[in-house]
Student: 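Okay, handing you the structure first.
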Amino acid sequence: MWAIRVLNGPQAGQIYKLKKGKNKFGRGSTTDFQFQSTGISKEHFEIEALSDRLVILDLQSSNGTFLNGVRINRPSIAKVGDKLSVHEILFDIIFAQDKVGTQPTLRPAGAPVSPYAMPGQHSFPQPGPVESPVNSPGLTGSPVERYLEKAKHYIEHVALPAVYRLPVVFEFRNVIYGFATVFVLLVTLLSILPMKFITSESITSESKRRALTIARSLASANSRMVKDGRFAEYDSEPIIKEEGIDQVYILAKDGNILAPPALTGTTPQKELAFVKKLRAQAKEYSAELSDGRVAAGAPIVAYDPQIGENMTRAYAVVIFDSSSLAFNDGRAVSLFVQMLMLASLCGFLIFFFMYKVIERPFSLLKKELDLALREGRDQASIDIRLPVMQEILVSVNSLISRSLHGDSAKPMGSSMIKDQELSNVLSMVGYPALLISRDSIVLGVNQAFERLTSVGAARIQGQSINYIPDQALQKNIGDLLDRAKRNPSQIAEDQLEINSNQALLRCQSVSGSAGEPEYFMVIFSPADEVQGGAA
């Protein structure tokens with residue numbers, strides 16, 4: 001079942017399922033779907049829901065109906081994903097599964113489509129399921145896919161609208177400056193975390209190295225004392241004065257302290273886990289304690305005459321406070337300020353160049369417009385690789401061309417009724433066709449032409465035929481127009497190969513009230529079909 005979904009305003013997320021046949025939208029009570037907005041006409045537009053397509057028709061509304069940003073002046077075909085705008089309300093076309101589970105009739109995958117097919121004979125992409133107005137889209141699939149869909153929905157419908165609102169409330173320059181400031185602060189704060197981790201690792205490593213060095217000195221200084229058992233001669237006074245030393249002692253192999261005398265016979269409870277690991281090995285050992293301090297032990301070796309080899313008699317243990325090497329608050333704040341200043345300098349340079357890059361296309365466009373208006377040129381161009389700017393240039397060039405060529409270049413000028421009639425005829429033609437004004441401005445194309453040439457209507461509609469990308473086609477159409485102007489009563493013909501399709505081009509002029517040609521209809525038909533019919 002076809003449906004349209006409201007994308008903005010107080011009714012955002014609301015889905016309107018379309019009944020088969022015609023559905024009228026507007027402000028009046030006679031419509032099928034009502035929208036209370038002063039910018040919407042009583043009967044604004046109509047959507048005809050067919051089995052395989054939607055046909056949208058503007059009901060001569062005051063503010064017009066726009067399909068994918070282009071105002072529609074004749075019945076237009078829409079598909080899933082197309083955007084429809086009416087005054088300030090934006091819709092998109094979706095496909096909602098009904099209870100029966102019916103779907104539009106689709107062409108089988110891989111089936112060929114003739115470039116000369118009638119507008120209703122081509123297929124449409126497989127519609128997807130309707131998106132819930134409450135939950136984010138993509139409710140099926142793995143948990144990761146659902147999470148990504150929810151994140152995408154939040155970004156598109158919550159975060160980005162708020163960001164887009166910023167240049168409306170604040171000056172654009174200040175918005176960019178705000179983003180640069182946030183970036184600098186985030187980079188500075190986030191850089192502190194790895195720096196703190198790296199610094200902490202370095203301090204621990206240096207503390208272990210220092211503690212082991214002091215433990216070796218303590219073991220060397222007291223090795224004879226341990227060998228002779230004269231523990232009263234224990235001397236740690238020079239070592240205990242070292243910065244960061246918390247405690248030193250001589251540990252017996254059984255785990256009791258031998259010296260200093262004040263601790264003799266006691267067991268170091270705070271370093272009990274360290275002591276067990278130290279006693280289990282006959283080599284130097286260091287480790288970080290649970291309270292952040294560092295402990296290191298060095299074995300004291302003496303010769304044992306009973307077994308005839310050196311044996312570990314005791315251990316020199318040093319407890320080192322690693323906080324003595326850590327940054328104090330003042331140094332941390334100083335480091336943060338220095339990093340912030342450097343990041344601010346880099347951020348300012350990035351902001352300056354980024355703003356200039358953003359401003360440049362608009363400055364060039366303004367300059368080109370001024371030159372085009374002064375010199376009477378019908379187009380402006382800038383060498384900026386930004387797709388949206390090139391699309392703006394197409395619309396701007398169309399406006400310049402209309403202002404220079406007068407009403408003849410305006411599809412909705414003084415001859416609006418006749419233009420509408422010819423546009424309707426154009427949409428009814430089964431073959432690819434163009435409607436061109438007497439000033440060689442493309443007033444309309446049908447979908448068969450878009451399929452044959454792969455040239456979208458938005459690209460050339462309202463533009464001179466010189467905007468047709470295919471140079472051979474451009475030249476042939478120009479030649480047909482010249483011949484039709486010289487002989488308005490005759491059909492001008494020519495042949496041309498277009499995308500591997502041999503086509504017969506026919507051009508017929510349409511005269512105005514003064515008897516002079518005002519419009520030209522160019523129709524493309526298969527050359528072999530015409531030749532076969534003639535035979």
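Quick note: numbers below take in every heavy atom, side chains included, and nothing from hydrogens, waters or symmetry partners.
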Student: Any chance you could measure Leu365, atom CG, to Arg360, atom CZ, to the nearest 0.5 Å?
Tutor: 12.0 Å

Student: Given Ser41 and Arg27, is the side-chain contact (heavy atoms from CB on, under 4.5 Å) satisfied, shown in steps?
Tutor: CA-CA 6 Å; Ser41 302; Arg27 186 165 41 88; 5.7 Å; no

Student: If you count heavy atoms of other groups shown closer than 6.0 angstrom to NZ of Lys485, is the number above 12?
Tutor: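 Yes.
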
Student: Could you pull out the closest heavy-atom pair between Met354 and Ile176, with the gap in Å?
Tutor: CE-CG2, 3.5 Å

Student: Can you give me the closest heavy-atom contact between Tyr431 and Phe524, atom names plus distance?
Tutor: CB-O, 3.0 Å

Student: Do Ile40 and Asn63 make a side-chain contact, defined as non-hydrogen atoms from C-beta onward lying under 4.5 Å apart?
Tutor: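 The answer is no; the side chains never approach within 4.5 Å.
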
Student: Determine the minimum heavy-atom distance between Glu46 and Lys22, stating which atoms define it.
Tutor: OE2-CD, 3.5 Å

Student: Could you note down all residue pairs passing salt bridge (charged side-chain N to carboxylate O under 4.0 Å, His left out) where residues 29-40 supplies at least one of them, sequence neighbours left out?
Tutor: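 Of all non-adjacent pairs touching residues 29-40, those that pass salt bridge (charged side-chain N to carboxylate O under 4.0 Å, His left out) are Lys19-Asp32.
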
Student: Between Lys366 and Asp370, is a salt bridge (charged side-chain N to carboxylate O under 4.0 Å, His left out) present by the stated rule, with each step listed?
Tutor: CA-CA 6 Å; Lys366 178 181 180 299; Asp370 291 340; 3.4 Å; yes

Student: Can you run down the salt bridge (charged side-chain N to carboxylate O under 4.0 Å, His left out) pairs that involve residues 460-480, sequence neighbours left out, and say none if there aren't any?
Tutor: Asp479-Arg483

Student: Working to the nearest 0.5 Å, report the span between CD of Gln338 and OG1 of Thr188.
Tutor: 12.0 Å

Student: Hey, are the side chains of Gln474 and Asn466 touching, using non-hydrogen atoms and a 4.5 Å cut-off?
Tutor: yes

Student: Under 4.5 Å between any side-chain heavy atoms of Phe353 and Ile358, yes or no?
Tutor: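 No, too far: nothing below the 4.5 Å cut-off.
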
Student: Would you please say whether a donor-acceptor pair under 3.5 Å links the side chains of Thr30 and Glu43?
Tutor: yes

Student: Please check if atom OH in Tyr355 has more than 12 non-hydrogen atoms from other residues, nucleotides or ligands closer than 6.0 Å.
Tutor: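 Yes - once you tally the heavy atoms of other residues, nucleotides and ligands closer than 6.0 Å, there are more than 12.
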
Student: Just wondering, do Leu505 and Ile523 contact through their side chains at under 4.5 Å, heavy atoms?
Tutor: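 A side-chain contact is absent here, since even the closest heavy-atom pair is not under 4.5 Å.
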
Student: Quick one: closest heavy-atom pair of Ile460 and Leu434, and the distance?
Tutor: CD1-CD2, 4.4 Å

Student: At what distance, to the nearest 0.5 angstrom, does NE2 of His44 lie from OG1 of Thr31?
Tutor: 12.0 Å

Student: Does the gap between the ring centers of Phe91 and Phe66 come in under 6.0 Å?
Tutor: no

Student: About how many Å separate OG of Ser509 and CD1 of Ile436, when rounded to the nearest 0.5 Å?
Tutor: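 Going from CD1 on Ile436 over to OG on Ser509, the span is 12.0 Å.
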
Student: Closer than 4.0 angstrom, basic N to acidic O: yes or no for Asp82 and Lys79?
Tutor: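 A salt bridge is present here (some side-chain N lies under 4.0 Å from a carboxylate O).
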
Student: So does Phe35 have more than 12 non-hydrogen atoms from other groups sitting under 6.0 Å from CZ?
Tutor: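 Correct, the count exceeds 12.
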
Student: Decide yes or no for Leu18 and Phe33: does some side-chain heavy atom of the first lie under 4.5 Å from some side-chain heavy atom of the second?
Tutor: yes

Student: Checking Ser76 side chain against Ile72 main chain: does a donor-acceptor pair fall under 3.5 Å?
Tutor: no

Student: Under the side-chain contact (heavy atoms from CB on, under 4.5 Å) criterion, do Asn174 and Glu171 qualify, and how do the steps go?
Tutor: CA-CA 5 Å; Asn174 294 335; Glu171 186 181 350; 3.7 Å; yes

Student: Taking all atoms of both residues into account, what is the closest heavy-atom pair of Val522 and Cys507, and its distance?
Tutor: CG2-SG, 4.0 Å

Student: Determine whether the aromatic ring centres of residues Phe45 and Phe25 are separated by less than 6.0 angstrom.
Tutor: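 Centroid distance Phe25-Phe45: below 6.0 Å, so yes.
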
Student: Are any non-hydrogen side-chain atoms of Ile465 and Leu481 less than 4.5 angstrom apart?
Tutor: yes

Student: Applying side-chain contact (heavy atoms from CB on, under 4.5 Å) to Leu345 and Met341, what does each step give before you reach the verdict?
Tutor: CA-CA 6 Å; Leu345 178 61; Met341 294 298 294; over 6 Å; no

Student: Would you mind reporting whether Gln508 and Tyr519 have side-chain heavy atoms less than 4.5 Å apart?
Tutor: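 No, side chains not in contact.
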
Student: Between Lys152 and Glu149 (salt bridge meaning N to carboxylate O under 4.0 Å), is one present in this structure?
Tutor: no

Student: Check Ile498 against Leu452 and note the closest heavy-atom contact, atom names and distance.
Tutor: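 Looking at all heavy atoms of both residues, the closest pair is CG2-O, 4.0 Å.
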
Student: Using only atom types and a distance under 3.5 Å, with no angle test, would you say the side chain of Asn446 pairs donor to acceptor with the backbone of Phe449?
Tutor: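 Checking the backbone N and O of Phe449 against the side chain of Asn446, a donor-acceptor pair under 3.5 Å is found.
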
Student: When rounded to the nearest 0.5 angstrom, what is the spacing between OG in Ser525 and CG in Leu504?
Tutor: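 Here the interatomic distance stands at 4.5 Å.
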
Student: For Gln60, does its backbone N or O pair with a side-chain atom of Asp58 as donor and acceptor, under 3.5 Å?
Tutor: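 Yes, because the side chain of Asp58 sits within donor-acceptor range (under 3.5 Å) of the backbone of Gln60.
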
Student: Counting distance only, does the side-chain N/O of Trp2 pair as donor-acceptor with the main-chain N or O of Leu50 below 3.5 Å?
Tutor: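 Yes.
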
Student: Which pairs with one or both residues in residues 491-505 pass salt bridge (charged side-chain N to carboxylate O under 4.0 Å, His left out), sequence neighbours excluded?
Tutor: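 The answer is Glu493-Arg506.
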
Student: Passes side-chain contact (heavy atoms from CB on, under 4.5 Å), Val184 versus Phe348? Steps please.
Tutor: CA-CA 9 Å; Val184 168; Phe348 173 77; over 6 Å; no

Student: So for atom CD, which belongs to Glu156, do other residues, nucleotides or ligands contribute more than 12 heavy atoms lying within a distance under 6.0 Å?
Tutor: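 Yes, enclosed.
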
Student: Among Asp92, Ile94, Ile47, Ile15, which residue satisfies the side chain to side chain contact (heavy atoms under 4.5 Å, CB included) criterion with Ile4?
Tutor: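 The passing option is Ile47.
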
Student: Side chains of Val455 and Pro469: does their closest heavy-atom pair fall under 4.5 Å?
Tutor: yes

Student: Within this structure, what is the CD-OG distance for the pair Glu516 and Ser511, rounded to the nearest 0.5 Å?
Tutor: 7.5 Å

